[in-house]
Amino acid sequence: MLTIASEIEVLARFGRALADPIRCRILLTLRQAPAHPADLADALGVSRTRLSNHLACLRDCGLVVAVPVGRRTRYELADARLAHALDDLRTAVVAVAAEAERTCAAAETEGCCR
């Protein structure tokens, strides 16, 4: 059973993982299907070294796992529920952002909420 402190730490790790656009793209790509690092690097248009660093971060956060497949390694989400969580989070954030843009009186004059 997780304590409040450990729940906060888990959420903070998840937040750190989502704080980088490349890591977000990796997670969204892996929610579709597992992939090999070379294929991920090509699909995302990043170097293999850079991708490797981001995958290490996501592994450390417990969000992805490396699965040996012969002489290669395939990456996938650590738990299928993460795909649903990512979809729910993405949908909620987009909906909230769209609503804030419609209701923020300062959006036009101050350029916020965009």
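The shown structure was predicted, so the numbers you read here are calculated from the model rather than taken from an experiment.
A distance-only check finds no donor-acceptor pair linking the side chain of Arg13 to the backbone of Leu63 [under 3.5 Å]. Judged by distance alone, with hydrogens and angles left aside, the side-chain atoms of Ser52 form no donor-acceptor pair with the main-chain N or O of Arg48 at under 3.5 Å. The backbone N or O of Leu28 lies less than 3.5 Å from a partner atom in the side chain of Arg31, making a donor-acceptor pair. At distances below 3.5 Å, not a single donor-acceptor pair connects side-chain atoms of Arg74 with backbone N or O atoms of Val69.
Using a 4.5 Å cut-off between side-chain heavy atoms of Ile, Leu, Val, Met, Phe, Trp and Tyr, with links allowed through other members, Leu82 and Val65 fall into different hydrophobic clusters.
Residues Leu89 and Phe14 form a side-chain contact, since some pair of their non-hydrogen atoms from C-beta on lies under 4.5 Å apart. The side-chain heavy atoms of Val67 and Pro34, taken from C-beta on, include no pair separated by under 4.5 Å.
In plain terms, the two heavy atoms of Pro37 and Thr73 that are nearest each other are CD-O, 3.1 Å. Residues Leu30 and Val64 come closest through the heavy atom pair CD1-CG1, 3.7 Å. The two residues Ala17 and Cys61 make their nearest non-hydrogen contact at CB-SG, 4.1 Å.
From Leu27, atom CG reaches atom CZ of Arg90 across 12.5 Å, with rounding to the nearest 0.5 Å. Note: His54 NE2 to Ile22 CD1 = 4.0 Å, rounded to the nearest 0.5 Å. Interatomic distance, CG of Leu40 versus OH of Tyr75, reported as 9.5 Å (0.5 Å rounding). Put simply, CG on Leu51 and CG on Leu58 are 9.0 Å apart, with the number rounded to the nearest 0.5 Å. Between the CZ atom of Arg50 and the CG atom of Leu44 there is a distance of 10.5 Å, given to the nearest 0.5 Å.
Counting heavy atoms of neighbouring residues, nucleotides and ligands inside a 6.0 Å radius, atom CZ of Arg59 exceeds 12 of them.
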